[in-house]
A.B. asks: 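Okay, handing you the structure first.
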Amino acid sequence: MLMSWLPQNVSTFGTDIDSTLRLIIFIVGPWFILAEGLILYFAIRYRKRPGKPAVHVRGETFRQAAWVLIPGVIVMLLDFSIDNASGRAWDEAKIESPAPALNVQVTAERFAWIFTYPGHTGAFDGKGTYWSMGKLYVPVNQVVRLNMRSMDVIHSFAVPNLRMRQDIVPGRTITAWFEATRPGNYGIQCTELCGFDHYKMQGTLVVLSADDFAKWRQKHWPSAPAIAINSDAEGANK
Amino acid sequence: MSDATMDRTFAEPAEADAFSGIPPGKLGMWWFLASEIMIFGGLIACFILFRAAHGGWRAESADVHWRIGAFNTLVLLTSSLTMVLAWEAVKTNRPERVGRFLGLTVVLGLTFLGVKGYEYSREFGAGFTPFSGLFWAFYFTMTGLHALHVFAGIVVNSILWTRAARGRLEGIQHRIEYAGLYWHFVDVVWIFLFPLIYLS
Amino acid sequence: MSQAAVISHAAYAEHAEALGFWRKYVFSTDHKTIGKQYLGISLFMAIAGGFTAYAIRWQLAWPAAGIPGLGAITPHAYNSLVTMHGSIMVFWVAMPMLLGAFGNFCIPLMLGADDMAFPRLNMLSVWIFFTSALVLLASFVAPGGAAASGWTAYTPLSDTWTSAVWGQTMWLFAVALEFASFLIGGINFLTTAFTRRCAGMTLWRMPLLVWDEIAASVLFLLSVGPLVAGAVMLLMDRLLGTGFYDPSKGGDPLLWEHLFWFFGHPEVYVVALPGFGIMLEIMPVFARKPIFGYRTIIYSTIVAVGLSLIVWAHHMFVSGMDPRLATPFSVTTILISVPFAIIVFAMIATLWGGSLIFDTPMLFVIGGLASFIVGGVTGIFLGSAASDIYLHGTYFVVAHFHYTLFPVTFFGGYAGIYYWYPKMFGRMMDERLGKLHFWLTFVFFQATFIPLFLAGIGGTPRRVFMPSAYPSFASLQPLQVMATVATIGLIASQIPLVVNFFSSMFRGALAGRNPWRANTLEWTVDSPPPHGNFPDPPVARRWPYDYSVPGAASDWLPQVAETNPPAGIKVQRAS
Ligand code: HEA
Ligand code: HEA
Ligand code: CUA
Ligand SMILES: [Cu+2]
């Protein structure tokens, strides 16, 4: 039910993030209902009634305390199963970065996104580079690597549909990757407060089918070097 | 923990409290120093992390005057000794001795600050200011914060000194002890700062 | 606020008279007066915090309409409002209410002491705190506006980039003063608890509120130091032009995040623990039943304090720190659910088999517990590094922390007010107004923040001037409107409290010493207690939770009571 509020997922690792969310709902949900249910039930069941004194239970002996300690131990075991699923999804999204088919440089600047496509040498500053203000064009089903840097303060690159988010810290280059699974236009937001017009710092992720991407490339980025579309990456052969 | 939980919590005669042995002032001072440790500890941790990231700052730290630093270390260590002697004299109730050693501590503290000031002026003269890069920013922040603590200690010790010099110890015995705790703490902080800044 | 009307005890009135107005009500060293001063300031600041909340909410729901009472605001002003709202609520409402007011008022009374260990330092702390509040409020009218970098003040935005040049520096000074005040206060609490306990008040007989206050103080003392150092560095950056956080000068912006959250995370428990302490203290009185698992709760609290020092990076999963650190921090974070689960279940077990009296304090306790659980379990979603990639920086986080902070601050704080008001002012608060206040607050609180969970799951980012400016979230705008309507209801629901609070001072029924038939020591003296608290030093002869002891003459046995219950009690089953 809660999951239906999520925007559509269009990335590979997004599926695992969503299933982590679902797992947490399944683990935490019953405990939540149990706790709230008991409060409500006890509040009604044990409200003051004449001739019914309260019992004197301190919960200090081990046998009594077990009523709260055993649930504690169960919660701990369930915690580890959350850790396990979460750890795997995290590694997939943030640590194991597959070989990219396309490298794009993301420059964050108050309050705009600039996407730079590499030139002949594969570098982002030589000849034949192409840059785009606010729009990131990528092919579907290809691994895209982002080399992100900030010119001023901390920004955060977020695409809810990709289940992707990464802060960009001035002074370092931060890499991230994603693979979109569905053509379409998706919103990009800056989600780290970066000043007065923070809310205007938006962009669009344009995921194109293989054909459309080729067309776009011909038209806007004819200089696209062979190495920019990394042919030996596994993603390119899909 | 004993299994006598049930019994302990039921009525029983009032018993002496295990903690009441520590006078409040002392305990308060310890808690205060604990939070001070976290302040200096945080600063020192940042310094070490940056140093590790910047390959040691060899070049910058070559410009600090380690001889002056070493001299000041000696001064501060001696002042800790005189502080202990003052406290010893309190215990044997000899006000004039207390006054003498407190006075010495104050003088040594002032010497420390004077030397530190001389050192700062030489560094400023050579063009090293808090804005000359991260090492110098840390250098001035850490030694400056420490100097402020030394200054506060000198003020407290001077007040106690004037009281003791008038030959009256009543009511300030414990304050001398707490001032001593503080003074030793300031000394210990320097013991950390000196090798970190001057010798590495 | 006038407490003059309610001083009753003639024998001590004389002594009080001798002090004169200024020494007695303004520059007082009496912990009770100081507690009331903290309460007064925190309620006053709650009005400021509530007003900023209202302005924020209005702007979010109807961005084009202009805020009634404030007019149209700029995006920069919006950021100021959010920053000031968060800072005010956490540092100038929650802390003074839960630590300042109830800590100061209750600790010496509950321990049977005549005052704090350092009464004059205590007075100093409240005046430093008052000054900090003035500096903060003054920053609203500073040139360039109040601080606008979020309550987290991330560098380098808060460093060289902010346009609130004055506001940001004043914010730093105000926060530094606030820290100084609570450092002094914390040292005082700890020293008092360890040296000023009356005869027989062993550690294992201390009321849970005292335990929680000192646990919070230890946590504050241990965590705030690095941030003080960090604030000094930020101040040097801003005023002198050093470059601790400036990458172009070799500094590192992430350093601030680490220092802030090393404090910031423990800080939320510094607020939460006393809130829990209040609830734990009040619950047995109205359940007429001992707290369940007194020691288990204390051990769990200590574990939570320890763990909370090693979870800070869960605010930084996607901050650009080494991603390999995420999973270890995720594990410690989620592990905190264990001590909290134990405390929560112990509270629920306290209700079991009780004889529950639903007076206003109890209503706020139960409502607060039920609401906190929502905030607690949603913390797990954020604690998982993987799902936090999606949820970080969204309204889900906003809803999470309001569901934790509001229950401890306001449900806990209000419970404390209704419960100790008779002790503070000598008169009862009105029950009917109290119940009305509870139900309205409870319902409107849920209605305010449940829509924000959904907006967050939908992906709406926080700290934005106009969520409807995002094409992808425009369809979620009705949720923002719902939340705002409920907020207006929530704020209006506080009217019964204000009326009740002031009118009861003059018209409330006289409370007597022990209106709730409670066990702790503060209920053995007059209401309000005289200067010096106890005419004769009390002796604690038992723990504070002996309710419904079988065989005892009454269903409560005060801590000073000497009668022993008959030996060999059997635990009874609830039928
Ligand atoms: C009183 C304040 C308070 C409290 C108590 C908590 C409690 C918790 N918080 Fe929260 N938190 C905040 C205040 C608080 N938080 C604030 C202010 C922020 C945002 C700051 C900002 O960015 O501006 C924040 C943000 C925040 C984040 C960062 C989110 C982000 O920015 O991306 C995370 C991530 O891990 C988190 C986790 C938790 C967890 C795991 C708990 C746990 O302690 C909760 C434990 C309790 C329970 C779990 C409930 C009881 C247990 C049961 C009923 C048993 C069943 C449970 C299981 C089976 C697991 N919190
Ligand atoms: C204790 C903490 C606390 C409390 C109680 C609240 C209470 C409220 N908060 Fe706030 N909030 C924060 C802490 C808190 N908040 C923090 C830390 C942030 C993050 C800031 C940041 O991002 O930097 C935040 C951010 C925040 C946002 C996000 C803004 C954004 O990201 O753009 C929103 C939006 O809806 C919001 C709304 C509200 C509302 C509607 C209330 C309502 O519950 C308020 C209702 C008001 C009252 C209940 C007060 C009334 C009481 C009185 C008037 C007492 C008078 C009595 C007498 C005088 C006797 N808050
Ligand atoms: Cu860039 Cu917010
Ligand atoms: Cu946290």
Side-chain angles (χ1 to χ4, degrees), chain B residues 1-2 4-47 49-51 53-54 57 60 129-142 144-145 148, chain C residues 117-118 121 183-184 186-188 190-205 217-218 220-230 232-233 236-237 240-244 249-252 255 258-259 262 294-295 539-543 545-546 557 561-565 569:
Chain B
M1 217 47 48
S2 71
T5 301
M6 279 294 227
D7 307 331
R8 273 179 66 83
T9 46
F10 278 137
E12 58 187 69
E15 58 192 72
D17 182 0
F19 282 86
S20 303
I22 313 171
K26 196 170 190 173
L27 194 61
M29 182 50 83
W30 279 116
W31 286 116
F32 172 69
L33 294 183
S35 64
E36 287 269 28
I37 288 175
M38 292 306 288
I39 296 177
F40 278 103
L43 207 52
I44 290 174
C46 296
F47 178 79
L49 285 174
F50 269 109
R51 228 184 71 100
H54 287 251
W57 285 333
E60 291 100 324
T129 62
F131 345 108
S132 327
L134 214 53
F135 172 81
W136 290 104
F138 267 115
Y139 168 81
F140 283 106
T141 311
M142 296 200 301
L145 198 64
L148 276 179
Chain C
F118 310 114
L121 273 183
L183 266 175
I184 298 174
I187 291 170
N188 222 338
L190 285 164
T191 311
T192 306
F194 286 118
T195 62
R196 287 317 221 29
R197 282 171 287 140
C198 69
M201 182 62 74
T202 60
L203 284 181
W204 294 111
R205 285 179 184 171
S217 303
V218 170
F220 184 76
L221 244 55
L222 289 182
S223 61
V224 80
L227 185 59
V228 171
V232 170
M233 293 192 265
M236 305 249 312
D237 270 14
L240 296 178
T242 54
F244 289 109
K249 293 180 185 161
D252 186 353
L255 174 63
H258 281 293
L259 295 174
F262 181 78
Y294 170 80
R295 286 181 191 228
V539 178
R541 294 204 158 75
R542 57 183 64 246
W543 80 334
Y545 303 111
D546 270 337
L557 286 171
E562 290 188 41
T563 43
N564 249 322
I569 311 155

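A note on names: the letters A, B, ... follow the listed sequences, proteins ahead of strands, and every chain is numbered from 1.
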A.B. asks: Out of C:Thr242, C:Leu190, C:Val228, which one racks up the most heavy-atom pairs below 4.5 Å with chain B?
C.D. replies: C:Leu190

A.B. asks: Considering all heavy atoms of both residues, which atom of C:Met233 and which atom of B:Cys46 are nearest to each other, and what is their separation?
C.D. replies: CE-SG, 3.8 Å

A.B. asks: Nearest 0.5 angstrom please: C:Leu227 CG to B:Met38 CE, how far?
C.D. replies: 11.5 Å

A.B. asks: Side chain, backbone, both or neither: which part of C:Leu121 has a heavy atom under 4.5 Å from chain B?
C.D. replies: neither

A.B. asks: In terms of heavy-atom pairs under 4.5 Å with chain C, which of B:Leu43, B:Leu49, B:Thr129 leads?
C.D. replies: B:Leu43

A.B. asks: What's the spacing between B:Phe32 CZ and C:Leu183 CG if we round to 0.5 Å?
C.D. replies: 8.5 Å

A.B. asks: Indicate the atoms forming the closest heavy-atom contact of C:Gly243 with B:Leu134, along with that distance.
C.D. replies: O-CD1, 3.5 Å

A.B. asks: Using a cut-off of under 4.5 Å on heavy-atom pairs, state which of C:Ser223, C:Gly186, C:Gly251 scores highest against chain B.
C.D. replies: C:Gly251

A.B. asks: Less than 4.5 Å to any heavy atom of chain B: does that hold for the side chain of C:Tyr545, its backbone, both, or neither?
C.D. replies: neither

A.B. asks: Is it the backbone or the side chain of C:Asp252 that comes under 4.5 Å from a heavy atom of chain B, or both, or neither?
C.D. replies: both

A.B. asks: Closest heavy-atom contact between C:Ala229 and B:Ile39?
C.D. replies: CB-O, 3.6 Å

A.B. asks: With respect to chain C, which residue among B:Leu27, B:Leu145, B:Ile37 yields the maximal number of heavy-atom pairs within a distance under 4.5 Å?
C.D. replies: B:Leu27

A.B. asks: Side chain from CB out, backbone as N, CA, C, O: work out which of these in C:Phe220 comes under 4.5 Å of a heavy atom of chain B, or both, or neither.
C.D. replies: neither

A.B. asks: How are the rings of C:Phe194 and B:Trp31 set relative to one another: parallel (under 30°), tilted (30 to 60°) or perpendicular (over 60°)?
C.D. replies: parallel

A.B. asks: Can you say whether C:Val218 sits under 4.5 Å from chain B via the side chain, the backbone, both, or neither, judging by heavy atoms?
C.D. replies: side chain

A.B. asks: By a 4.5 Å heavy-atom criterion (distance strictly below it), what part of C:Leu240 contacts chain B: side chain, backbone, both, or neither?
C.D. replies: both

A.B. asks: Counting heavy-atom pairs under 4.5 Å with chain C, which one of B:Gly42, B:Gly28, B:Gly25 comes out on top?
C.D. replies: B:Gly28

